[in-house]
Amino acid sequence: CACFFFFFFQGTATTEIYTLSLHDALPISMKKNLRKWISAFQGKRVVVWGDLVADHMLYGDSSRISREAPILILQKAWESVSPGSAGNAVMNVASLGGIPVPVGVTGRDAMGQKLCRIFKARGIDASYIIRPDKVETAVKMRVLAGGLHTVKQQVIRVDSGGNYDKARSEEHTSELQSHSFNSYAV
């Protein structure tokens, strides 16, 4: 999933539009203006419309191999949940001083509630997040393992949820498109 930001800056004579992709390196000419661009986020509303995914990280310590199969046996150490995909972009906009407006879909399940709580704890308005019944929030669970004093490495990723059907998606998209977000960037 590629995530793009569109930046609009008002100049004295023209409006400059820049597109930054997370997959592209910044040219040197853009790096010179990076501080100016970051400060331009202060107080600006930025609509982030996309897939709201819960990134569930499970960390464990491993010290042996199972007798049942050639797999690691993990002792769960800790776990964390953070916004992923478009949710990550929402958090990035907030960390730059912008006012993100997340637009997307989560379920009414525990992970959907957790994502909304994370946004609200950061002062992010979650009122444009649609939470229909019978939808399971998209979750990407990564299991990371390592020894006690080693760097943890991802050993598996388990995806679940995201069962939002296309017909309902089009219905909700039309509903959301009717809103005026009064934002500087989308």
Side-chain angles (χ1 to χ4, degrees), residues 1-5 20-26 31 34 38 41 46-166 168-169 172:
C1 162
C3 197
F4 295 92
F5 291 100
L20 299 180
S21 168
L22 297 178
H23 302 290
D24 299 332
L26 290 173
K31 289 179 184 177
L34 192 57
I38 290 172
F41 267 97
V46 179
V47 173
V48 181
W49 191 316
D51 295 332
L52 299 172
V53 175
D55 279 344
H56 183 187
M57 310 295 269
L58 189 139
Y59 299 88
D61 297 320
S62 63
S63 61
R64 56 196 179 113
I65 305 290
S66 172
R67 291 184 209 176
E68 300 158 358
I71 56 171
L72 297 173
I73 297 174
L74 296 181
Q75 178 63 43
K76 181 178 159 184
W78 75 91
E79 62 186 301
S80 67
V81 176
S82 60
S85 295
N88 184 43
V90 167
M91 299 303 279
N92 291 340
V93 168
S95 71
L96 292 171
I99 303 167
V101 179
V103 179
V105 176
T106 68
R108 293 181 181 272
D109 55 4
M111 284 298 185
Q113 291 173 2
K114 188 155 196 121
L115 284 177
C116 288
R117 277 196 309 270
I118 291 169
F119 290 146
K120 289 176 184 175
R122 288 285 307 263
I124 297 169
D125 177 14
S127 62
Y128 293 107
I129 296 175
I130 297 172
R131 303 186 66 206
D133 292 327
K134 299 180 183 172
V135 169
E136 193 179 340
T137 302
V139 177
K140 294 181 181 181
M141 184 175 83
R142 294 168 178 88
V143 178
L144 292 94
L148 186 59
H149 299 291
T150 62
V151 175
K152 305 289 188 243
Q153 295 186 14
Q154 183 174 330
V155 293
I156 192 167
R157 186 177 103 183
V158 180
D159 292 357
S160 63
N163 60 337
Y164 189 57
D165 71 52
K166 188 174 179 175
R168 293 180 74 195
S169 172
H172 289 122

- Query: Is the number of heavy atoms from other residues, nucleotides or ligands within 6.0 Å of CD (Q154) greater than 12?
  - Reply: yes
- A54 to V81 - nearest heavy-atom pair and separation: CB-CG1, 4.2 Å
- Task: Could you pull out the closest heavy-atom pair between R122 and S95, with the gap in Å?
- Result: NH2-N, 3.7 Å
- Task: Taking the side chain as every heavy atom from C-beta outward, state whether Y128 and V47 have any pair of such atoms under 4.5 Å apart.
- Result: no
- Query: About how many Å separate CZ of R67 and CD1 of I73, when rounded to the nearest 0.5 Å?
  - Reply: 8.5 Å
- Flag side-chain contact, heavy atom, 4.5 Å: D61 against K152: yes
- Item | Worked check of side-chain contact (heavy atoms from CB on, under 4.5 Å) between V103 and V48 | CA-CA 6 Å; V103 179; V48 181; over 6 Å; no
- Can you tell me how far CG of D159 sits from CE of M141, rounded to the nearest 0.5 angstrom? 10.0 Å
- Item | CG on L52 to CE on M111, rounded to 0.5 Å | 14.0 Å
- Test item: D125 side-chain N/O and S127 main-chain N/O as donor-acceptor pair under 3.5 Å: yes
- For A145 and V155, the nearest pair of non-hydrogen atoms, with its separation, is CB-CG1, 4.1 Å
- Kindly compute the distance separating CG (L74) from CG (L144), expressed to the nearest 0.5 Å. 9.5 Å
- Note on the structure: Taking every heavy atom of A126 against every heavy atom of K120, the minimum-distance pair comes out as CB-CE, 4.2 Å
- Query: Going by heavy atoms in the side chains, are K140 and S85 under 4.5 Å from each other?
  - Reply: yes
- Message: Atom CD of residue position E79 - does it have more than 12 heavy atoms of other residues, nucleotides or ligands inside 6.0 Å?
- Response: yes
- Task: Take S160 and E136 through the side-chain contact (heavy atoms from CB on, under 4.5 Å) test and state the conclusion after the steps.
- Result: CA-CA 8 Å; S160 63; E136 193 179 340; 4.1 Å; yes
- Task: For C116 and T106, work out which heavy atoms get closest and say how close.
- Result: SG-OG1, 4.4 Å
- Answer yes or no: is there a side-chain heavy-atom contact under 4.5 Å between I65 and L72? yes
- So do the side chains of I124 and P102 get within less than 4.5 Å of each other, counting heavy atoms only? yes
- Message: Going by side-chain hydrogen bond (donor to acceptor under 3.5 Å, both in side chains), name the residues that satisfy it together with K114, two or more places apart in sequence or in a different chain.
- Response: none
- Contact summary for G98 and P100, nearest pair of heavy atoms: O-CD, 3.2 Å
- Note on the structure: Taken to the nearest 0.5 Å, the spacing of Q113 CD from T137 OG1 works out to 8.5 Å
- Message: If you define the side chain from C-beta out and look only at heavy atoms, does anything of I118 sit under 4.5 Å from M91?
- Response: yes
